[in-house]
Amino acid sequence: MNGRVAALLELGSGFHPDLTGAENIQLNAALLGLTRKRTDYLFDSIVEFSGIADFIHEPLRTYSTGMMMRLGFSVAVNVDPDILILDEVFAVGDQNFQAKCREKVLEFKKSGKTMLCVSHATTTLHQLCDRAIWLDHGQLMRGWDGGRSNHAL
């Protein structure tokens, strides 16, 4: 595989609670393969998108769950990945931030990049995905792919 993969699989994954939000941006971006120079360049965009600038120099352990999710999502989408993996990412955060995230993900989708989205929210999946697979009583199913929806694989 070639390209950068960014994933939001578990809230706070790749973060350390004793480090500040700013330090966690550096850490998380490094885990995603960014250089310090590139992370420094993206830093303001990451913080602005997250909406938590007032708390960016506070330890992550003082953040709410929603604030951690905002920071994690902001890093993941600002590293400009070729493949974005999202696992129930829209389940946390206020409505305004959820809308902002959806808009960013739709921009990502329109750019022609690859996205893998895991969710129990079928409405979200219909909005974000062109194709889907799921398990139905242990049987692998597929849908939304050129009208062949809801067929066993």
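We're numbering straight along the sequence, starting at 1. Both backbone and side-chain heavy atoms feed into the values below; hydrogens, waters and symmetry mates do not.
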Contacts of [X] that satisfy side chain to side chain contact (heavy atoms under 4.5 Å, CB included) - sequence neighbours left out:
X      : answer
Asp18  : His16, Arg61
Lys104 : Phe49, Phe73, Val77, Glu107
Thr123 : Gln127

Between atom [atom1] of [X] and atom [atom2] of [Y], what is the distance when rounded to the nearest 0.5 Å?
X      : Y     : atom1 : atom2 : value
Thr20  : Ile56 : OG1   : CD1   : 7.0 Å
Thr39  : Ile46 : OG1   : CD1   : 6.5 Å
Phe43  : Glu48 : CZ    : CD    : 12.5 Å
Ser74  : Phe97 : OG    : CZ    : 4.5 Å
Met115 : Ile83 : CE    : CD1   : 12.0 Å
Ser64  : Arg70 : OG    : CZ    : 8.0 Å

Ignoring hydrogens, what is the shortest heavy-atom contact between [X] and [Y]? Give both atom names and the distance.
X     : Y     : value
Tyr63 : Ile52 : CE2-CD1, 3.5 Å
Val75 : Ile25 : CG2-CG1, 4.1 Å
Leu42 : Asn78 : CD1-O, 3.2 Å

Side-chain heavy-atom pair [X], [Y] within 4.5 angstrom cut-off:
X      : Y      : answer
Leu71  : Asn28  : no
Ile133 : Leu140 : yes
Lys109 : Leu128 : no
Cys117 : Leu125 : yes
Asn24  : Met68  : no
Gln26  : Arg36  : yes

